[in-house]
2 protein chains.
Amino acid sequence: MADTGISSGSAVGSAAPTNDVDADVSGSSSIGTGPAVGADSAAGVKSARRAVELLEAFGANHEWLSLTDLHHHTGFPRSSLHGLLRTLRDVGWIESDDAGTRFRLGVKALICGTAYLDRDPVMPYATEALERLRDQIGYTCHFARLNGPDIVYLQTRESRTSAHLVSRVGRTLPAHATALGKALLSELADDELTAVLPKQLTALTELTITDREALRSELAFIRERGYSTERGQSSPNLACVAAVVPYRIPGTDAMSCSMPGERVTDAELLRVGSLLRDVAEDLSQQLRRAGIR
Amino acid sequence: MADTGISSGSAVGSAAPTNDVDADVSGSSSIGTGPAVGADSAAGVKSARRAVELLEAFGANHEWLSLTDLHHHTGFPRSSLHGLLRTLRDVGWIESDDAGTRFRLGVKALICGTAYLDRDPVMPYATEALERLRDQIGYTCHFARLNGPDIVYLQTRESRTSAHLVSRVGRTLPAHATALGKALLSELADDELTAVLPKQLTALTELTITDREALRSELAFIRERGYSTERGQSSPNLACVAAVVPYRIPGTDAMSCSMPGERVTDAELLRVGSLLRDVAEDLSQQLRRAGIR
DNA sequence: CGGCGGTTTTCAGATATCTGACCAATATTC
DNA sequence: GAATATTGGTCAGATATCTGAAAACCGCCG
């Protein structure tokens with residue numbers, strides 16, 4: 001039983017149901033439960049599911065992966081992996097080393113994946129709003145979307161002054177550990193929140209909220225005020241403020257500002273928060289007028 | 001199989017005016033050569049190939065696509081598409097509308113695809129170099145990579161002054177129509193160039209080089225000088241300068257600056273070019289020292 | 001040199017997908 | 001509003017993949 005559940009640090013392949021090399025993973029074959037009972041994860045076209053699961057394994061592991069590594073991560077039989085890997089390599093979604101025995105993500109994945117941003121009619125408006133915001137406030141501004149228990153950064157405009165970019169398009173962070181995420185979580189009803197939060201609230205820093213009740217009460221406060229704040233909960237020495245863009249119900253998108261955590265006063269945080277709330281409200285009006293939902 | 005070869009062309013919804021609904025696309029049927037002889041495009045795990053080909057279709061079409069649309073684009077039987085689409089939707093790589101009948105790219109594609117940037121050890125160095133460059137020059141700077149006949153933007157640092165971002169991470173442009181691409185193409189030997197260029201050099205603007213001989217002679221000049229320039233060849237009223245980052249042979253990566261085309265003199269273009277060449281050379285030395293190839 | 005631990009690759013039977021034809025649902029037309 | 005055209009969904013036989021086991025391969029060390 002390798003599955004310790006607890007953070008275990010590594011977390012690389014933690015999604016895989018087994019760490020046992022030769023464990024029988026195909027579940028359905030266990031006892032005579034015939035065809036997919038719960039039909040939860042075993043449904044659909046097997047090779048297609050496996051292909052994208054493989055891609056996700058590559059997305060989560062930034063080094064070269066061998067066939068055996070992938071067998072550990074995914075639980076797929078080595079022989080099946082062999083065919084899948086060659087197929088994905090031939091179409092350019094993964095690359096192999098010269099020997100053809102180690103693999104990593106290919107550039108096709110980047111090209112295709114980032115097309116998500118073009119396909120979304122919200123983005124042009126969001127970009128423009130981010131630039132207005134950045135020009136008003138001067139700090140780095142983000143636009144992000146809730147995806148299950150995580151937020152995904154969709155667009156960034158960096159501060160004119162501080163050089164470092166806080167995050168990257170496409171990166172995800174646990175929602176409960178970020179101002180963006182807390183703002184979005186505050187939109188959810190109580191049972192929705194319960195359904196979406198992970199069993200264990202992982203801590204990104206010492207200050208990350210890991211207690212569900214503490215989170216709930218803060219979310220209620222955020223909902224009331226219209227924006228969320230955070231100091232050092234996602235990253236040390238970083239303060240963030242975020243507000244939902246209320247063009248959907250419940251809201252899925254939010255905007256934030258990231259500021260150097262030590263040099264910014266509480267009053268400044270609140271000032272930025274209410275400004276942010278106004279810009280987000282403006283943006284959502286634009287979106288609603290444009291018929292975007 | 002790669003139908004027209006040409007940049008996937010137009011064709012959003014209007015793709016098939018001919019009602020070739022049931023056209024045989026499986027191609028391989030040349031002459032009685034039984035099972036895949038050349039094994040060109042029909043090899044590998046069929047469902048996996050189709051899954052990613054579907055994703056690419058979504059990447060190239062930014063509207064909602066129906067089952068029939070996809071049938072036109074890919075040539076896959078509708079019944080096969082049905083299973084694939086539900087599978088991809090269930091794993092979050094595509095999304096469907098409420099009716100479950102129109103589809104578009106899902107956020108998982110963005111999350112996973114952008115991991116390409118994390119997996120690449122070049123990127124931290126490239127980002128730092130871009131920031132140095134932008135701070136020295138003031139214009140928007142790009143870092144891009146050659147992928148077949150196209151360049152792919154990997155990272156951008158925007159101008160402090162002009163607000164508009166020129167391109168986006170993950171976007172591709174024809175190499176022959178950009179300064180970045182011309183710099184990278186100038187690294188190739190003559191037969192490599194012939195192999196990589198498309199049959200027809202598509203024009204992005206009136207000034208795009210579409211004559212192969214004109215391109216060849218300019219590439220020779222670029223190779224000699226160490227950087228490439230361009231005015232209005234990729235986009236009207238835009239001037240670009242680019243230099244290869246010579247840490248591989250042939251070089252695959254390059255840096256560029258984009259400037260407002262009208263307000264920049266030729267002398268300024270050349271000044272930026274030689275500065276760019278120096279920064280690219282510095283970066284490549286860093287990379288080589290770090291053992292990155 | 002040859003055995004050894006580990007990994008990749010191959011192979012034939014078991015299993016799952018693919019597909020063309022067929023039905024159902026929805027949009028379009030008059 | 002009914003007929004019609006188009007699209008979406010389902011099914012059983014044909015076909016292809018999947019898989020466990022066994023074989024080739026590789027680097028390593030004695």
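Residue numbering restarts at 1 for every chain, and letters A, B, ... go by the order of the sequence lines. For clarity, every value in this text was computed on a predicted model and none was experimentally measured.
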Exercise for the section: Flag the pair A:Glu56 and A:Arg49 as a salt bridge only when some basic side-chain nitrogen lies within less than 4.0 angstrom of an acidic carboxylate oxygen. Expected result: no
Practice task
Between A:Val45 and A:Ser66, name the one whose nearest nucleotide on DNA chain C is closer to the 5' end.
Solution key: A:Ser66
Practice task
Enter the distance from A:Arg78:CZ to A:Leu70:CG here, rounded to the nearest 0.5 Å.
Solution key: 12.0 Å
Exercise for the section: Using atom CG of B:Asp69 as one end and atom C1' of D:dG8 as the other, report the distance to the nearest whole Å. Expected result: 12 Å
Handout entry: Nearest-Å distance for atom pair CG/P, residues A:Leu65 and C:dT8
Key = 11 Å
Practice task
Let me know the distance between CZ of A:Arg49 and C1' of C:dA16, rounded to the nearest Å.
Solution key: 11 Å
Practice task
Could you check how far CG of B:Leu85 sits from C1' of C:dT17, rounded to whole Å?
Solution key: 15 Å
Handout entry: B:Asp69/B:Arg102 salt bridge by N-O under 4.0 Å criterion
Key = no
Handout entry: Ion pair A:Glu63/A:Arg104, N-O distance below 4.0 Å
Key = no
Exercise for the section: Respond yes when some side-chain nitrogen or oxygen of B:Arg50 is under 4.0 Å from OP1 or OP2 of D:dT17, and no when none is. Expected result: no
Practice task
Indicate whether OP1 or OP2 belonging to D:dT19 is found under 4.0 Å from a side-chain N or O atom of A:Ser80.
Solution key: yes
Practice task
Could you tell me whether A:Arg171 and B:Asp118 make a salt bridge, using a distance below 4.0 angstrom between a side-chain N and a carboxylate O?
Solution key: yes
Handout entry: Between C1' of D:dG8 and CG of B:Asp97, the distance in whole Å
Key = 12 Å
Problem - A:Glu53/B:Lys108 salt bridge by N-O under 4.0 Å criterion - result: no
Problem - Those residues that, when tested against A:Pro77, pass side chain to side chain contact (heavy atoms under 4.5 Å, CB included) (two or more places apart) - result: A:Arg50, A:Ser79, A:Ser80
Practice task
Give the rounded distance in Å between these two atoms: NE2 of B:His71 and P of D:dT7.
Solution key: 10 Å
Handout entry: Integer-rounded Å distance: D:dC18 C1' and A:Glu53 CD
Key = 16 Å
Exercise for the section: Measure the shortest side-chain to side-chain distance between A:Leu287 and A:Val122 over non-hydrogen atoms and say whether it is less than 4.5 angstrom. Expected result: yes
Nucleotides 9-15 of chain C: which of its N/O atoms have a protein N/O under 3.5 Å away?
{"residue": "C:dT9", "atom": "OP2", "partner": "A:His82", "partner atom": "NE2", "Å": "3.0"}
{"residue": "C:dT9", "atom": "O5'", "partner": "A:His82", "partner atom": "NE2", "Å": "3.1"}

Handout entry: Net bend of the helix from C:dC1-D:dG30 to C:dC30-D:dG1, end axes of five pairs each, nearest 10 degrees
Key = 40°
Handout entry: N/O (side chain, B:Thr68) to phosphate O (OP1/OP2, D:dT6) under 4.0 Å
Key = no
Practice task
Please state how far atom CG in B:Leu81 lies from atom P in D:dG9, giving the value in whole angstrom units.
Solution key: 12 Å
